[in-house]
Amino acid sequence: MERKRTVYMDHAATTPVRPEVVEAMNPYFSERFGNPSSLYALAREAKEAIEEAREAVAAAIGATPEEIYFTSGGTEADNWAIKGAALRGKGDHIVTSAIEHHAVLHTCEVLEKQGYRVTYLPVDEFGRVEPATVEEAITEKTVLVSVMAANNEIGTIQPVRAIAEVARDHKVPFHTDAVQAIGAFPVDVDEMGADLLALSAHKFGGPKGVGALYVRRGTRIGTFMDGGAQERGRRAGTENVPGIVGLGRAIELAVAGMPQSAPRLAAMRDRLIRGVLDEIPDTRLNGHPTERLPNNVNVAFRYIEGESILLMLDALGIAASTGSACTSASLEPSHVLTSCGLPPEHAHGSLRLTLGHRNTEDDVDYVLEVLPGIIERLRAISPLRGEA
Ligand SMILES: *Cc1c(COP(=O)(O)O)cnc(C)c1O
């Protein structure tokens, strides 16, 4: 345990901005600072850069540039998709899943307070939504079905295409939060059957505070920000030009690099999972064994708190995450893990390691070297231990 190094394994939370992305963004902070709405060469340069980024985002997901709207990130894109569809829809009912990101869940909860009804679909033990449950949930009043492409905590990939088909059969628009999917597996809006799709730059090597909402042509959706005529009058506010340029470059790199990065990450993921399950007793894998993001490891250790694991990992230079609410004193287990039916004594002791393109096999070795000792020491002092 003397070795001290830095191992970042929290890429589901955010990723470092790639050097090529920083390089592409830099001129738009300084010499190319123009407001894209103005009428001179400097402004046109910025405007053109935005349109190039729009083309890059569209190409990455099989859309056309006119269907892409830039936002302040994944949260805004989810808010806009759901509130925008609710506002324009003819009914008052929304179908989503119990394991969505808070950007979706809390948005739905706000709409519930305003009189909408929301069905939160259950998931199986691996975190999958069964498409037949969507069929059962849809009513004549349903204005939107929203199910994420891949879960940020447990990495489970949803059968989005089958879910979208059910929605389409009932002429209900389908939204998917694809924030974790971009760069992890091929995302194509037609293949998926998505009418609305949210993405966020900082989850795939781009800057924070910028994302996009895909809106299929013909999808009825209200505006979200009111003000100027930016984004064809649908999302007002002077554009985050450097951020948008960074998003465009980052999505190009993420998608182009995917054939190499996805199998490399998946091999490290599987070595981590096998190592942890083999070396540490009373441990289980959270999420789906195969239908899972190539970079996601989520394991539950009985009898201990995730927070304590994080503190000990942090002391050894390892940045990771846990499913339980680490900032609140309430120690609420994660809504994702409890929805998968994980018993509380397991749900509290979950550890999420999410890999990224800078991680190496050495990093995996290091984690596998230190983790068994950490768990052993924590269990030795755990008050929960004797209960079972
Ligand atoms: C990170 C994340 C978001 C929020 O995106 P921001 O750009 O951070 O607002 C939404 N959904 C999922 C699945 C995420 O992982």
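Source: prediction; values computed, not measured. Whatever order the structure lists them in is the order used to number ligands and atoms, beginning at 1.
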Parallel, tilted or perpendicular: ring planes of W80 versus Y69, cut at 30 and 60 degrees: perpendicular
Trace of the side chain to side chain contact (heavy atoms under 4.5 Å, CB included) decision for S146 with D177: CA-CA 8 Å; S146 177; D177 174 337; 5.8 Å; no
Check: T15 side chain, G205 main-chain N or O, donor-acceptor pair, under 3.5 Å: yes
Within reach of ligand 1, part of E76 (heavy-atom separation under 4.0 Å): neither
Distance flag, aromatic centroids of H11 and H357, threshold under 6.0 Å: no
N or O contact, N152 vs ligand 1, cut-off under 3.5 Å: no
N240 side chain near F70 side chain, heavy-atom distance below 4.5 Å: no
Identity and separation of the nearest protein heavy atom to atom 4 (C) of ligand 1: T75 OG1, 3.5 Å
Selection from G74, A77, A181, A12 by shortest heavy-atom distance to atom 6 (P) of ligand 1: G74
R358 bridged to D363 by N-O distance under 4.0 Å: no
Any L378 side-chain heavy atom under 4.5 Å of M312 side chain: yes
Charged N-O contact under 4.0 Å between R18 and E23: no
Proximal ligand 1 atoms for G73, defined as those under 4.0 Å from one of its heavy atoms: 7 (O)
Region of V179 that comes within reach of ligand 1 [heavy atoms, distance under 4.0 Å]: side chain
Nearest protein heavy atom with distance in Å, relative to atom 7 (O) of ligand 1: S200 OG, 2.6 Å
Proximal ligand 1 atoms for M148, defined as those under 4.0 Å from one of its heavy atoms: 13 (C)
Which segment of H202 sits under 4.0 Å of ligand 1 when only heavy atoms are counted: side chain
Atom 14 (C) of ligand 1: the protein heavy-atom neighbour that sits closest, reported with distance to 0.1 Å: K203 NZ, 3.1 Å
Nearest protein heavy atom with distance in Å, relative to atom 11 (N) of ligand 1: D177 OD2, 2.6 Å
